[in-house]
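In what follows, a structure is listed as structure tokens, so that the remarks can point back to it.
A note on names: the letters A, B, ... follow the listed sequences, proteins ahead of strands, and every chain is numbered from 1.
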Amino acid sequence: MTRDTSGQVCVVSRDMHDVPTYDPAAIEAAWQARWAERRTNEPDLDHPARPFYNLMMFPYPSAEGLHVGNMFAFTGADIHGRFQRLRGNTVFEPIGFDAFGIHSENYALAKGINPADLIPQNIATFRRQLRRIGGMFDWRHELSTTDPPYYRWTQWLFLQLFKAGLAYRKRAAVNWCPKDKTVLANEQVINGHCERCGTAVEQRSLDQWFFRITDYAGRLLDNLDRLDWSESTVALQRNWIGRSEGAELVFETPSGQPITVFTTRPDTVFGATYLVLAPEHPLVDALTAAEQRPAVRAYLREVQGRDVVSRRVGDKKKTGVFVGSYARNPATDESIPIWIADYVLMEYGTGAIMAVPAHDTRDHEFATQFKLPIREVVRVEGGKLPVISEDGLLVNSGQFDGLDCREGARRIVAWLAERGRGARKIQYRLHDWCISRQRYWGPPIPIIYCDACGPVAVPERDLPVELPFIEDYRPDDSGVSPLARHTEWYNVTCPSCGKAGRRETDVSDTFLDSSWYYLRYPSTEFSDRPFDPVRTSTWLPVTTYIGGNEHAVLHLLYSRFITMVLKDLGHLEFEEPFPKLRAHGLIVKDGAKMSKSRGNVVVPDTYIQQWGADTFRMYLMFLGPFQEGGDFRDTGITGIRRFLEKVWGIAHEAAGASDRPMPPDVVTKLHQTIRKVTTDTASLNYNTAISAMMEYVNLVRERDAGSRASLRPLVLMLAPYAPHLGEELWVLLGGTGRSVFDEHWPAYDERLAAASEVEIAIQVNGKLRGRLQLPRGASQDDVVTRALQEEGVKKFVDGNKVKKVIYVQDRLVNLVV
RNA sequence: GCCCGGGUGGCGAAACCGGUAGACGCAAGGGACUUAAAAUCCCUUGGGGGCAACCCCGUGCAGGUUCGAGUCCUGCCCCGGGCACCA
């Protein structure tokens, strides 16, 4: 044993001679330098043999640096890329930084630094860490969403949607902190209070930009069927899009304007005993009777005083007010009262509902509270109101009595449709995408307001609209972005008429930045186009996308939407950017998500310093299944290091010795190992692939069978996991050339992987009673004969007649007596 | 409430299509080497019983299907994640 100067314990091989110390720090630094110098990770993007676009979700460069969760994700994705390269693909593995947004801005605010100064520092740290872990990144194509040459095209993207009528302005409620005088994101509102100062948050109505993603809801949903995605991610998207089948029904009112409601249960219309409008519903004013006006006004004020978040929290007491007028139930022709209540949301359906208190929990609660009539129209045996089930029969429903709910729904909608009082309707839960942020740290929305022309697009030749450096970028009480205070930036001439105009001061959502970055990577060197058509057709859509389910809805849905729009506008030839997506699991610490506020963030740097990047990479992958994640703990990291030391040792011994033939059992094990490591690596089951390599190494050592022939395939399989050691040992075992990653993944021979002897389990009545070592392919008769000679078996057969024999070739025999 | 995961030794986990439960690794205990320790190497390690060969029990719980169930079915319980006054 030796100790090096850093005090680390270094292990020498069991033979003690000629084997140098495994020093990961030195090896890793040397190979990282060689990769850069030899351009090992820079594929020819114009002439790839077999293009393989290996994409991973780019990080937000936080001030804390890469955490273990990021490392886990990037390592798993990098192994995939390196494996695919060894399989003969030309792998493009880019990396970049998602550096705009409220997180950076809030952190900068807290520290009193300008984000324009802070972010480059953070990126430098990330870059250093990403190199240190040995990712196969093509740094030529690095991008940051905060660079003007990038966000120029983010703004261009906005303009394409604007010109296509897919971007529009609408007043919408935002959270407003009256003390900090700023707009808050929903995540910044904790139980109705500002996360910073604790003041109760209010609603404010502001004009905001929206993208019409709801126009694409059906397509976004239907395409999911033909994507090769992790099931968990698909389920999350389905949920989010939230398709509901039902009907829109029309209720006449005395105002002359009918109220349309959406319902998933048109079969219950005979039980609709009142209507409820959202407080923001446009007909509220027209339908309010004179004597109810003060009460309605008071209620609207009360609702306004609440924040956007707690409005949506379900289990609270119902509030509402009667407007003083009545509507006509289209099925019964009865007059039913019209109420307003904030449990009805303007953003979903039509902002109005027919209340069926007998068959909806919320309506039932409301009706009970305000003493409104409850009429049962669905009967279920033994059911107690409110009955929600669709497995019942209609009652109190005129000519539809006795029908089951589903059939009743069809007939009732058809009947109402005939009389112009309703129609079938598919409703989605998805809302249009609000992209405005009344903030500083984002790309300015490229619009100029002109009193004569209205909102005018900034001409594309004038892009980017650069984000000006503003010393004091704190939000103020105007409710608009601090950009408005920069007067020379703010005041411009209208590009259309030349008169005085004003710039849009909102910046766009950071999810817009990340909705197209994968299109940019292969084309970063082109300054005059967002993505080059040839490069794009060569490299896109993305071959494999690996990322976490925290982005299952927003990022992945927005990216799909933007790609569809670009296809419809003729800029792309495909409409799904990520045909294959794999979600990795979450790395937690002590059972909880890592977060700064919990104080359980694990910083990888010290581990890498102590153990080396190769050991740490493999340890993260050995923790559990990549697609499930797990709890981070550092016990056991030593096991991986010991494994790499063993490989190091036998490789050095083999390199110094003359070659000798492999024993037959080692040959068998080698082919079995190649088979298992190949399938497991391909399917991202990295933990079991590593186990298989360990088993192989254990056997090679036990049988003293280290040789070039037995170790070269191992080194090739190990290389994606421990790339620096892979390179080093490849050279040691006689490899020449630029890199081990220019070599070929080892092949296995199915015949050689078949062991000549197998162990067969003997069961009596399904219970294990013995085992037999037999040559592969033994016949049933032979096995049964041999089995019956076994003492342990005889005892349980006990002279009884064997009634039935179940034989599974080379595995098991079961004697039923 | 709805939608996904998951529940297996002291711990992280394996187990092809229903076919020998616990591979691989950690930790722990014992031994070898050493003046000693570390490292390394060897052995033991799901629970219970037995001198032993062996036997019984065991994959969240209760049933079921099957020659055979961690795996399939029915009904529950618990944990993690997502959505949620969505009509």
Side-chain angles (χ1 to χ4, degrees), chain A residues 1-3 9-14 16 230-236 238-240 242 244 246 261-265 268 276 311-316 318 341-345 347-356 360-363 365-366 388 427-431 549-550 552-553 585-586 588 591-593 619 622-625 627-640 642-643 645-646 649 676 679 685 687-688 690-695 698 701 759-771 791-792 795 803-808 811-817:
Chain A
M1 160 227 144
T2 60
R3 273 180 193 274
V9 174
C10 302
V11 181
V12 181
S13 109
R14 59 208 158 129
M16 295 301 284
S230 293
E231 273 306 314
S232 56
T233 315
V234 172
L236 287 165
R238 282 224 166 84
N239 242 313
W240 188 263
S244 289
V261 304
F262 173 73
T263 178
T264 52
R265 294 296 300 275
T268 64
V276 189
R311 164 83 183 271
R312 294 165 157 276
V313 173
D315 47 55
K316 61 163 204 262
K318 297 274 179 293
D342 72 348
Y343 81 91
V344 176
L345 306 172
E347 312 90 88
Y348 185 74
T350 60
I353 61 158
M354 64 174 203
V356 185
D360 181 282
T361 26
R362 295 149 306 180
D363 297 345
E365 194 188 325
F366 192 83
I388 315 301
Q427 181 67 47
Y428 296 96
R429 195 129 86 185
L430 186 66
H431 297 147
N549 264 343
E550 68 270 23
V553 281
L586 189 68
V588 297
K593 218 163 161 170
Y619 177 61
F622 193 57
L623 221 48
Q627 297 182 72
E628 283 172 34
D631 207 348
F632 182 82
R633 45 174 65 86
D634 52 17
T635 60
I637 190 165
T638 184
I640 294 290
R642 285 205 272 254
F643 167 68
E645 301 266 11
K646 287 175 190 171
K676 179 148 179 72
T679 55
N685 292 120
N687 55 332
T688 48
I690 294 169
S691 311
M693 288 189 274
M694 286 174 167
E695 284 185 50
N698 289 344
R701 279 163 52 87
E759 190 179 72
I760 294 178
I762 309 166
Q763 293 182 344
V764 179
N765 289 336
K767 286 205 163 221
L768 182 70
R769 297 302 179 191
R771 295 181 170 91
E791 279 308 315
K795 194 162 87 189
K803 285 188 288 206
K804 189 175 173 187
V805 175
I806 283 110
Y807 181 59
V808 182
R811 284 201 79 93
L812 161 147
V813 64
N814 187 9
L815 309 173
V816 185
V817 295

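Regarding A:W240, its CH2 atom lies at a distance of 10 Å from the C1' atom of B:G82, rounded to whole Å. Remark: P of B:G81 and CG of A:L586 are 9 Å apart, rounded to the nearest angstrom.
When all heavy atoms are compared, the tightest approach of A:N814 to A:G766 is OD1-N, 2.9 Å. For the pair A:A761 and A:L768, the tightest heavy-atom approach, listed with the atom from each and the gap, is CB-CD1, 3.7 Å. Taking both residues in full, the closest heavy atoms of A:P625 and A:N687 are given as N-ND2, 3.5 Å, listed atom of the first, atom of the second, then distance. Residues A:Y348 and A:Y428 approach most closely at CE1-O, 3.5 Å, considering heavy atoms. The two residues A:F262 and A:G349 have their closest heavy-atom pair at CB-CA, 4.3 Å. Here the closest non-hydrogen pair linking A:L236 and A:A552 is CD1-CB, 3.4 Å.
Under 4.0 angstrom from either OP1 or OP2 of B:U66 there lies no side-chain N or O belonging to A:K804. In terms of phosphate contacts, A:T638 brings no side-chain nitrogen or oxygen within less than 4.0 Å of OP1 or OP2 of B:G25.
Taking only side-chain atoms of A:M694, from C-beta outward, the nucleotide of B:A87, B:C83, B:G25 with the closest atom is B:G25. Distances were taken from every side-chain heavy atom of A:R642 (C-beta onward) to each of B:C26, B:C83, B:G19; the shortest belongs to B:C26. Taking the side chain of A:V808 as heavy atoms from C-beta on, and the options B:G19, B:A87, B:A27, the nearest nucleotide is B:G19.
Side chain of A:N765 to backbone of A:V817: a donor-acceptor contact under 3.5 angstrom is found. Between the A:R265 side chain and the A:I388 main chain, a donor and an acceptor come within less than 3.5 Å of each other. In this structure, A:D360 contributes its side chain and A:D363 its backbone to a donor-acceptor pair below 3.5 Å.
Partners of A:E759 by salt bridge (Lys or Arg N to Asp or Glu O under 4.0 Å), not counting sequence neighbours, listed by chain and number: A:R771. Residues satisfying the side-chain contact (heavy atoms from CB on, under 4.5 Å) test with A:R633, not counting sequence neighbours, are A:D631, A:T635. For A:F366, the ring pair (Phe, Tyr, Trp, His ring centres under 6.0 Å) partners are A:Y274, A:W339, A:Y343, A:F370, not counting sequence neighbours.
A:N698 comes within 4.0 angstrom of sugar-phosphate atoms only, judged by non-hydrogen atoms across all strands, and of no base. The residue A:K795 sits close only to the backbone: its heavy atoms come under 4.0 Å of sugar-phosphate atoms, none of a base. Residue-level contact check: A:K767 touches the backbone only, with heavy atoms under 4.0 Å from sugar-phosphate atoms and none from bases.
Side-chain atoms of A:K318 and base atoms of B:C85 include a donor and an acceptor less than 3.5 Å apart.
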Pairs: protein N or O with nucleotides 20-23 of chain B N or O, under 3.5 Å:
| unit_1 | atom_1 | unit_2 | atom_2 | d |
| --- | --- | --- | --- | --- |
| B:U20 | OP2 | A:R811 | NH2 | 3.1 |
| B:U20 | O2 | A:R771 | NE | 2.4 |
| B:U20 | O2 | A:R771 | NH2 | 3.2 |
| B:U20 | N3 | A:E759 | OE1 | 2.7 |
| B:U20 | O4 | A:E759 | O | 2.9 |
| B:U20 | O4 | A:E759 | OE1 | 3.4 |
| B:A23 | O2' | A:E695 | OE2 | 3.0 |
| B:A23 | N1 | A:S691 | OG | 3.4 |

Might you list the N or O atoms of the protein lying below 3.5 Å from N or O atoms in nucleotides 1-11 of chain B, with each pair's distance?
| unit_1 | atom_1 | unit_2 | atom_2 | d |
| --- | --- | --- | --- | --- |
| B:C3 | O2' | A:N239 | ND2 | 3.4 |

Starting at the 5' end of RNA chain B, what dot-bracket string do you get if Watson-Crick and G-U pairs under 3.5 Å are bracketed, crossing pairs use [ ], other-strand pairs use | and unpaired bases use dots? (((((((..(((......[....))).(((((.......))))).((((....))))..(((((..]....))))))))))))....
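Summary of the strand contacts: A:G351 and A:G766 both lie near RNA chain B, and taking for each the nucleotide with the nearest heavy atom, the more 5' one is attributed to A:G766. Projected onto RNA chain B by closest heavy-atom contact, A:D360 and A:V553 fall at different nucleotides, the more 5' of which corresponds to A:V553.
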